[in-house]
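Just so we're on the same page: letters track the sequence lines, and every chain starts at 1. The shown structure was predicted, so the numbers you read here are calculated from the model rather than taken from an experiment.
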2 protein chains.
Amino acid sequence: MRLTTKGRYAVTAMLDLALHGAAGPVTLADIAFRQGISQNYLEQLFGKLKRARLVISLRGPGGGYALACKPEEISVSAIISSVGEGVDATRCGGTSDCQDGLICLTHELWSDLSHRIDEFMSAISLASLVARDEVKLVSHRQDCDTQRRIEARAVG
Amino acid sequence: MRLTTKGRYAVTAMLDLALHGAAGPVTLADIAFRQGISQNYLEQLFGKLKRARLVISLRGPGGGYALACKPEEISVSAIISSVGEGVDATRCGGTSDCQDGLICLTHELWSDLSHRIDEFMSAISLASLVARDEVKLVSHRQDCDTQRRIEARAVG
DNA sequence: GCAATACCCGACTAGAACACTCAACTAATC
DNA sequence: GATTAGTTGAGTGTTCTAGTCGGGTATTGC
């Protein structure tokens with residue numbers, strides 16, 4: 001059982017947006033730089049996030065992405081399923097035709113598990129993540145890193 | 001986020017063992033037949049289950065596999081991690097060096113999630129699965145199917 | 001109007017993993 | 001000594017991930 005980077009990247013990028021979006025739209029280049037994610041790959045993910053109406057985009061200079069609604073209204077679960085990494089531990093995708101068209105021995109178990117995971121991730125919003133101490137700490141470190149790298153580039 | 005068949009098959013096979021093991025060792029051929037799993041693939045999985053001391057094997061005619069301890073003492077979590085499908089939602093594998101050797105913005109979130117999933121699966125034993133109504137029902141259906149197929153083969 | 005910025009979109013790909021399959025071997029029983 | 005059944009290792013087709021690449025189009029400021 002593993003979560004791929006697709007869902008992780010999406011949540012990380014959305015959290016970055018929530019943290020830095022106050023001053024206006026944030027570019028993918030900035031997010032890619034701060035979070036160490038390929039910008040081209042982020043474009044793919046944000047295409048999906050936009051289609052799911054979790055973000056809005058602004059083109060042209062000074063453009064970028066912004067959250068489509070309040071951080072309290074965006075759950076981790078919504079982000080993950082919007083990029084196509086829905087939680088599904090069953091074999092059949094919930095249709096209960098796991099074994100030759102009939103239900104398999106462990107269907108209920110996986111169905112339960114999927115439900116639990118979704119419940120957990122639905123309860124966590126971007127706002128609650130922003131409020132966490134460790135997120136604040138890491139975000140601050142990332143901002144300092146970014147500042148330092150910009151300065152280093154200006155000097156070199 | 002998905003559970004692969006590796007973990008699912010392992011749990012299903014172990015449950016089959018718990019259901020049919022009362023009369024003595026159960027062969028992989030029987031499990032493969034009842035659960036619709038490739039026998040060759042099951043062999044690989046049972047190699048791991050044996051190394052994890054969740055099952056014991058008996059060679060020769062009348063041989064097969066049996067649970068190494070009581071069904072109450074075997075958790076779904078133990079089965080899944082024994083076949084190498086440990087629950088790990090983090091990128092770094094728990095080492096917190098997710099971003100250039102440092103902790104990433106969402107490490108805690110994935111770490112929490114992994115913990116929750118493991119907690120859920122640790123609380124479920126083979127015994128508790130055997131006691132479930134829907135498991136009894138499906139198991140009974142499978143036994144009838146098996147009986148019918150044996151008879152059909154004898155006639156044909 | 002024109003250049004720069006930044007989102008938009010589709011096609012392509014190396015590599016990894018999963019889900020097997022095959023073949024040969026050893027141990028136990030009758 | 002033949003059959004049963006577990007044991008082991010190597011090989012393989014398919015799918016998915018995690019990208020890359022190359023071209024678009026909309027918006028802004030000069």
Side-chain angles (χ1 to χ4, degrees), chain A residues 1-13 17 20-21 24-33 35-68 80 83-86 88-89 91 93 98-99, chain B residues 1-10 12-13 17 20-21 24-33 35-68 80 83-86 88-89 91 93 98:
Chain A
M1 162 150 282
R2 59 182 230 279
L3 188 70
T4 65
T5 62
K6 206 196 291 182
R8 262 198 300 267
Y9 281 178
V11 174
T12 304
L17 215 54
H20 297 92
V26 182
T27 65
L28 289 189
D30 283 354
I31 300 178
F33 186 73
Q35 305 304 332
I37 305 173
S38 147
Q39 184 177 339
N40 286 313
Y41 194 41
L42 270 185
E43 283 179 5
Q44 286 181 35
L45 298 181
F46 272 79
K48 294 180 180 180
L49 290 171
K50 198 191 169 183
R51 247 165 280 149
R53 295 174 188 280
L54 291 178
V55 297
I56 51 173
S57 64
L58 285 150
R59 295 179 142 197
Y65 285 95
L67 296 180
I80 286 185
V83 295
E85 187 161 275
D88 180 30
R91 183 188 200 176
C98 344
Q99 191 186 359
Chain B
M1 162 150 281
R2 59 183 229 278
L3 189 70
T4 64
T5 61
K6 207 195 289 180
R8 261 198 300 267
Y9 281 178
T12 304
L17 216 54
H20 296 92
V26 182
T27 65
L28 289 190
D30 283 354
I31 300 178
F33 186 73
Q35 305 304 331
I37 304 173
S38 146
Q39 184 178 342
N40 286 312
Y41 195 40
L42 270 185
E43 285 176 2
Q44 286 180 33
L45 299 180
F46 271 78
K48 294 178 181 182
L49 290 171
K50 196 189 171 186
R51 247 165 280 148
R53 297 174 186 282
L54 291 178
V55 297
I56 50 173
S57 63
L58 286 151
R59 295 179 143 196
Y65 285 95
L67 295 180
I80 286 186
V83 293
E85 187 162 274
D88 181 29
R91 183 188 199 176
C98 344

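Atom CG of A:Leu17 and atom OH of A:Tyr65 lie 10.0 Å apart (nearest 0.5 Å). Taken to the nearest 0.5 Å, the CZ atom of A:Arg91 stands 7.0 Å off from the OG1 atom of B:Thr5. For the atom pair CG (B:Leu42) and OG1 (B:Thr27), the distance works out to 10.5 Å, reported to the nearest 0.5 Å. Atom CD of B:Gln35 and atom CG of B:Leu28 lie 12.5 Å apart (nearest 0.5 Å).
Residue B:Ser38 places none of its side-chain N or O atoms closer than 4.0 Å to OP1 or OP2 of C:dA19. Between B:Tyr65 and D:dT7 there is a side-chain polar atom (N or O) within less than 4.0 angstrom of OP1 or OP2. Regarding contacts with the backbone of C:dA19, a side-chain N or O of B:Thr4 is found under 4.0 angstrom from either OP1 or OP2.
With rounding to whole Å, A:Tyr9 atom OH is found 9 Å from D:dG19 atom C1'. Look at CG on A:Asp30: it is 14 Å from C1' on C:dC7, rounded to the nearest Å. One can place CG of A:Leu45 at 11 Å from P of D:dT17, the figure rounded to the nearest angstrom. The interatomic distance linking B:Glu85 (CD) with C:dC18 (P) rounds to 7 Å, in whole Å. Regarding A:Arg59, its CZ atom lies at a distance of 17 Å from the P atom of D:dG29, rounded to whole Å. Between the CG atom of B:Leu42 and the C1' atom of C:dA19 there is a distance of 12 Å, given to the nearest Å. One interatomic measurement links the two molecules: CG of A:Asn40 to C1' of C:dA6, which rounds to 13 Å at whole-angstrom precision. Atom NZ of A:Lys48 and atom C1' of C:dG10 are 13 Å apart (whole Å).
With the nearest nucleotide of DNA chain C identified for both B:Gly60 and B:Gln39, B:Gln39 has the one nearer the 5' end. The nearest heavy atom of DNA chain D to A:Thr5 and to B:Lys50 marks one nucleotide each, and the one closer to the 5' end goes with B:Lys50.
The B:Lys6 side chain lies nearest to C:dA19 when the options are C:dA19, D:dA18, D:dG6. Relative to the side chain of A:Glu43, the nucleotides C:dC7, C:dA11, C:dA19 differ in distance, and C:dC7 lies closest. The side chain of B:Pro61 sits closest to D:dT4 out of D:dT4, D:dA18, C:dC8.
Without hydrogens or angle criteria, B:Arg8 side chain to A:Ala89 main chain gives a donor-acceptor distance under 3.5 Å.
Using a 4.0 Å heavy-atom cutoff across all strands shown, A:Phe46 reaches no nucleic acid atom at all.
In terms of polar N and O atoms assigned as donor or acceptor, the side chain of A:Gln44 comes within less than 3.5 Å of the base of D:dT20 in a complementary pairing.
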